[in-house]
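Report on the structure given below.
Counting convention: from 1, in listed order, for ligands and their atoms alike. For this chain, numbers begin at 1 and follow the sequence in order.
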Amino acid sequence: MVLPAPGGPSSARWWPPAAVTSKWSSARRWLLSGLALCGVCGSPVRATLLNSTRGGVPSYTCKATKCVVRNAAELDQYLGGVVVARLSRPDVADLLASSGAPGSRVLQLDATSLRERLDGLAAAYADGAIDVRQLREGSERLRARLAEVEEQMAMAGRGDALAGLMGTTDPAAAWDALDLHRRRAVVDTLMTVTIHRTRKGRPRGWTPGSSYFGPSTVDIGWKA
Ligand SMILES: [Zn+2]
């Protein structure tokens, strides 16, 4: 049984039947449904209830052939961690550079220049050329300006999806605060997720109670 893609209310009318949806929390939706690709046949995967005799395990699988099957909750959680890690990198503002929106190139140069000046301040402090108060005041001014520039970049292009995540001091909290629609837009902007086939059975080193999920069987192709 294939569940409707998140955000697809029209198809939710007729499928899945009420008996199935009652087993699923209606609030429970899936990050990668229709976004991640099967590594074998290349089709988008959908969230599906498998092993229904054992209560059902929400799983991603490609439609017809089920070349790959992956626990949906575990993959979603892993992907959230990957996105937060990407947004935590110092070059996060570069994500917006390739948006192609008018002015984004100029904003990108502004941001680079501001970051260089911040580095310069730190170097000047290290050399004893300025004192700690000058360092702090200078840094605050530059960071405030950088935050403005990054906000403008966010508005300019692909930042539509990333707005609110850029320049935040706590990307994990910002990600947690997004609704599913926004999270899917972020994933779609940042990456292509491909689910590869795994060996049958328990992974090497598996211990009772732990998961079969292995991040190495999931490929993240960065778009930005
Ligand atoms: Zn497939």
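- Residues satisfying the ring-ring contact (aromatic ring centres under 6.0 Å, His included) test with Tyr78, not counting sequence neighbours, are Phe213.
- Under the 3.5 Å distance criterion, the side-chain polar atoms of Arg197 are left unmatched by any main-chain donor or acceptor of Gly39.
- Near the Zn ion (ligand 1), less than 2.8 Å away, sit the protein N, O or S atoms Cys38 SG, Cys41 SG, Cys62 SG, Cys67 SG.
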Please output the side-chain donor-acceptor pairs of residues 141-148 that fall under 3.5 Å, not counting sequence neighbours, one pair per line with the distance.
unit_1, atom_1, unit_2, atom_2, d
Arg145, NH1, Glu148, OE1, 3.0

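- Here the options are Val218, Leu79, Ile195, the test is side-chain contact (heavy atoms from CB on, under 4.5 Å), and the partner is Leu32; only Leu79 passes.
- For the pair Asp76 and Arg70, the salt-bridge criterion is not met [side-chain N within less than 4.0 Å of a carboxylate O].
- With sequence neighbours excluded, no residue satisfies side-chain hydrogen bond (donor to acceptor under 3.5 Å, both in side chains) with Thr194.
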